Amino acid sequence: QVRRYKPVKARYEAGEIHRVMGQYMTLGRNGVPVGECFKAWRIQKLEDFILKILPEWCDTMRVNIQHVTFRETTSIWGSCRSRTQRITINTNLAKYPEECAEYVLIHELNHIHHPDHSRAFYADMDRYMMDWRHWDKVLKTMDVKPILKQESGTR
């Protein structure tokens, strides 16, 4: 799913429009930073969201996560190491709606109980997030490419 995404050469300049947690935001307006600061700012939004909802989901799913890592990956949205109770979240999720990030988190937490994608795994996915299939589809189909400023002299 992640491999199909080919990044556009964004410069992160004022006026470019990027997605942040699913919403379009214009760099340089309304407190949205520009340059490398924007990338860090967007990732921080994802981290803040995940770390805010993690305790409740750990309690609900009866799991104890020792560590969450945020990393840009090219082939997966998240991963779980059930033995060490560590999960990794792809920072590219910062471009998608919060529900997509929540779905990936629940998916990875579910792997603590079910290391495979068994019927029991999917039954628990249905129990914890009834609309997870919708958010999985959003991850596969949503266009998150930035809208870049027009170069002068080009159309």
Side-chain angles (χ1 to χ4, degrees), residues 1-8 10 12 16-27 29-33 35-147:
Q1 295 172 8
V2 178
R3 273 189 212 117
R4 70 174 173 74
Y5 172 74
K6 296 204 183 226
V8 175
Y12 303 103
E16 289 183 358
I17 301 169
H18 291 258
R19 288 210 187 246
V20 177
M21 301 309 289
Q23 302 299 313
Y24 281 116
M25 295 195 176
T26 304
L27 277 60
R29 291 191 192 150
N30 300 319
V32 178
E36 291 298 313
C37 293
F38 168 74
K39 291 176 11 181
W41 179 80
R42 178 167 58 186
I43 291 168
Q44 189 63 54
K45 295 279 188 197
L46 173 67
E47 290 181 15
D48 291 349
F49 175 71
I50 291 292
L51 296 176
K52 179 179 135 193
I53 66 172
L54 180 64
E56 184 176 337
W57 278 113
C58 284
D59 187 49
T60 299
M61 298 176 77
R62 296 185 178 150
V63 297
N64 182 23
I65 293 301
Q66 297 299 314
H67 188 73
V68 179
T69 302
F70 295 90
R71 181 178 303 137
E72 184 175 353
T73 60
T74 58
S75 61
I76 57 173
W77 291 115
S79 65
C80 172
R81 297 194 180 267
S82 57
R83 190 174 15 181
T84 59
Q85 297 184 324
R86 292 173 169 249
I87 61 172
T88 300
I89 301 293
N90 185 338
T91 57
N92 282 311
L93 282 169
K95 300 170 187 175
Y96 292 86
E98 289 178 343
E99 293 87 353
C100 291
E102 186 170 22
Y103 153 62
V104 170
L105 175 66
I106 293 166
H107 182 106
E108 299 311 328
L109 293 176
N110 200 12
H111 279 308
I112 298 291
H113 298 298
H114 309 285
D116 55 9
H117 291 112
S118 63
R119 283 188 195 158
F121 174 88
Y122 289 114
D124 279 351
M125 285 301 298
D126 288 335
R127 184 163 55 115
Y128 294 124
M129 187 178 209
M130 292 173 48
D131 60 348
W132 70 267
R133 286 176 182 84
H134 168 74
W135 298 112
D136 181 64
K137 186 175 181 178
V138 170
L139 282 173
K140 293 175 182 173
T141 60
M142 185 178 202
D143 183 4
V144 295
K145 292 188 292 282
I147 301 170

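Because the structure is predicted, anything quoted here is derived from the model rather than measured. Sequence positions, counted from 1, serve as the residue numbers for this chain.
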Classify the ring geometry between H111 and F121 as parallel (under 30°), tilted (30 to 60°) or perpendicular (over 60°).
-> parallel

Salt-bridge contact D143-R19 (side-chain N to carboxylate O under 4.0 Å) | no

Nearest heavy atoms of I112 and S82, plus distance in Å = CD1-CA, 3.8 Å

May I ask you to decide if M61's main-chain N or O and H113's side chain share a donor-acceptor pair within less than 3.5 Å?
-> yes

Hey, is the main chain of I76 close enough, under 3.5 Å, to the side chain of T73 for a donor-acceptor pair?
-> yes

Kindly indicate whether the side chain of W57, heavy atoms from C-beta on, has any atom under 4.5 Å from the side chain of I65.
-> no

Step-by-step side chain to side chain contact (heavy atoms under 4.5 Å, CB included) determination, I147 to T26 | CA-CA 9 Å; I147 301 170; T26 304; over 6 Å; no

Would you tell me whether W132 and D136 have side-chain atoms, one donor and one acceptor, within less than 3.5 Å of each other?
-> no

With a 4.5 Å heavy-atom cut-off, do H18 and L27 have their side chains touching?
-> yes

Could you go through the side chain to side chain contact (heavy atoms under 4.5 Å, CB included) check for V144 and N92 one step at a time?
-> CA-CA 10 Å; V144 295; N92 282 311; over 6 Å; no

Look at the rings of H107 and Y103 and say which category their plane angle falls in: under 30° parallel, 30 to 60° tilted, over 60° perpendicular.
-> perpendicular

Side chain to side chain contact (heavy atoms under 4.5 Å, CB included) between M125 and R133: does it pass, once the steps are laid out?
-> CA-CA 9 Å; M125 285 301 298; R133 286 176 182 84; over 6 Å; no

Step-by-step side chain to side chain contact (heavy atoms under 4.5 Å, CB included) determination, N110 to E108 | CA-CA 5 Å; N110 200 12; E108 299 311 328; over 6 Å; no

For E16 and Y12, indicate whether the former's side chain and the latter's backbone hold a donor-acceptor pair under 3.5 Å.
-> yes

Taking the six-membered ring for Trp and the full ring for Phe, Tyr or His, determine whether the centres of Y122 and H114 are under 6.0 Å apart.
-> no

Per the side-chain contact (heavy atoms from CB on, under 4.5 Å) rule, which among T91, L93, I87 passes with F70?
-> T91

About how many Å separate CD1 of I89 and CD of E72, when rounded to the nearest 0.5 Å?
-> 14.5 Å

Any chance you could measure Q85, atom CD, to C80, atom SG, to the nearest 0.5 Å?
-> 8.5 Å

